[in-house]
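Here the structure is a predicted model, which is why all the values come from computation and not from measurement. Letters go in sequence order (proteins before strands), and every chain restarts at 1.
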Number of protein chains: 2
Amino acid sequence: MPPRDQSMETIQRELTAFARRARATAARMHPELSLVSFTVLSHVEDRPGCRATDLAAHYMLDKSTVSRQIATLERLDLVERRVDPDDQRVQVLHLTEAGTATLAQVAASRLAAFQERLGDWDEADLARFAGYLLRYNAAYEADGRP
Amino acid sequence: MPPRDQSMETIQRELTAFARRARATAARMHPELSLVSFTVLSHVEDRPGCRATDLAAHYMLDKSTVSRQIATLERLDLVERRVDPDDQRVQVLHLTEAGTATLAQVAASRLAAFQERLGDWDEADLARFAGYLLRYNAAYEADGRP
DNA sequence: TTCTCTAGGTTGTATTCTACAACCACATGG
DNA sequence: CCATGTGGTTGTAGAATACAACCTAGAGAA
C-alpha cells in the first residue's frame, strides 16, 4: 500500500476512534451538558440571536431535533427564546446568565482535559495539528456532506 | 490568549465538530453498517477469536450494549459466535464470509470518501496529520479515560 | 468434593438522540 | 386575497446506550 493510502487509513481509523468515544466521554465529564447541548450553547454564545434553523443547517441536524434540544436547554434555563419582532415566525436565541456560566465552566473543564492530553506537545505541533483539523473539516463542509 | 491555548481550543472545537457529525455521516453513507457496527466488525477482523468483553473494554461500552450489537451482527450473518472449548462461558467471534465482504466494501467506500476530502493534501502533510492523531489518541488511552 | 465467589453474557427497562412526517403560524409575491 | 414557502413544534418510531438483575460456568477455598 502506498504511503498516501497508509496515512489516509490511519487518519480514518483514528478519527473514527475519536468519534466513537466522544459522546460517552463528554457525557461522563459533564452529565449536565451533552456534547450536542454544549455545541448548541457554544454556537449561541458565538452568534447571539441566531435561529434554530441556523443551528440545524450548520450541524446537519433535523429541525425537530434542534427544536427539542433547545426546548430542553430552555427548560434548564440555559437559553432564552425571544420572538423576532421583524418576523413573528422566528425565535432568536440568547444565553441566559446561567447558560453563560455553565458554558464557561464546562468549556474550562473541557479545555483542561485537552490540556492534560496535549500538555507535552510543542507549540509548533499544536499549531500544525489545529491547522490540519481546520483544513479537514473545511473540506468536509465543502463536500455534499456525504 | 497565548497561541498554545488558541491551538488547543481549535483542536478541541474541530475534533468536537467531527465527532458530532461522524455518526450521522456514517449512517448516511452506509445504512447497512452503523459506525459502531463497522468498528466492531473491523475489530473482529483484526483479532479473530476475540470476545465480547474485549470489545466492551476496548471501546468503553457496557457489555449489554456489545452483546446486542453482536446479536444484531449475527442476525445479519456478518459475525459468528462460537463457544470457546477451553471455557464454556466464552464466545469467540469470527467474521463470516458475508462479514468479510461487507466490511471490505464499506471500508473501501469510507476510504474513498476520505480520499476525496484528502486528495489534494501532499504526502508529508498526510503523514504528519496521521501521526498527530495517533499521538492524540494514544494520550487519550493513557488517560484514566476521563 | 462441595460451596462460594467471580467472570462472561443475556435480558428487562429506561433514557437520550435522532429522523421523518404531519402540522401550525406567519410571511411574501402574484 | 390566496398560494406557496419558511420557521418551528409535535407525534411517532428506531437506534444506541447504560444500569440492574439474572444465568451459567470456571476457580479457588473449606
Rounded to the nearest 0.5 Å, the OG1 atom of A:Thr100 sits from the CD atom of A:Glu45 at a distance of 6.5 Å
CG of A:Leu55 to NZ of A:Lys63, rounded to nearest 0.5 Å, is 14.0 Å
Here the pair of heavy atoms bringing B:Thr96 nearest to B:Asp77 is OG1-O, 2.7 Å
State, to 0.1 Å, how close B:Leu95 and B:Val79 come at their nearest heavy-atom pair, and which atoms those are.
-> CD2-CG1, 4.0 Å
Is the closest basic N to carboxylate O distance between B:Asp125 and A:Arg128 below 4.0 Å?
-> no
Whole Å only: how far is the CZ atom of A:Arg51 from the C1' atom of D:dT9?
-> 16 Å
Nucleotide C:dT10, atom C1' - distance to CZ of B:Arg75 in whole Å | 13 Å
Interatomic distance where CZ belongs to A:Arg81 and P belongs to D:dG7 [whole Å] | 16 Å
Atom CG of A:Leu93 and atom C1' of D:dT9 are separated, to the nearest Å, by 14 Å
Reading nucleotides 25-30 of chain C 5' to 3', which nucleotides get B (base under 4.0 Å from a protein heavy atom), which S (sugar-phosphate only), which -?
-> BBS---
So, with a heavy-atom separation below 4.0 Å from DNA chain D, the residues of residues 36-48 of chain B are B:Val36
A:Ser7 side-chain N/O to B:Ala130 backbone N/O, donor-acceptor pair under 3.5 Å = no
Are B:Gln69 and D:dT17 close enough that a side-chain N or O sits under 4.0 Å from OP1 or OP2?
-> yes
Whole-Å distance, B:Asp84 CG to D:dT24 C1', equals 15 Å
Could you grab the distance from atom CD of B:Glu74 to atom CZ of B:Arg81, nearest 0.5 Å is fine?
-> 4.0 Å
Calculate the interatomic distance between B:Gln91 atom CD and D:dT24 atom P; express it in whole Å.
-> 14 Å
Starting from the 5' end of DNA chain C, give me the residue, A:Ser34 or B:Ile70, whose nearest nucleotide shows up first.
-> B:Ile70
Determine yes or no for a side-chain-to-main-chain donor-acceptor pair under 3.5 angstrom, with A:Arg4 supplying the side chain and B:Trp121 the backbone.
-> yes
What are the two closest heavy atoms between B:Val92 and B:Gly49, and how far apart are they?
-> CG1-O, 3.4 Å
For D:dT6, does OP1 or OP2 lie under 4.0 Å from any side-chain N or O of A:Thr53?
-> no
Can you tell me how far OH of B:Tyr132 sits from CG of B:Asn137, rounded to the nearest 0.5 angstrom?
-> 15.0 Å
Between residues 61-68 of chain A and DNA chain D, which residues have a heavy-atom gap below 4.0 Å?
-> A:Lys63, A:Ser64, A:Ser67, A:Arg68
B:Arg117 to B:Phe114 six-membered ring, cation-pi geometry met (6.0 Å, 45°) | yes
In whole angstroms, the gap separating C1' of D:dA16 from CG of B:Leu55 amounts to 16 Å
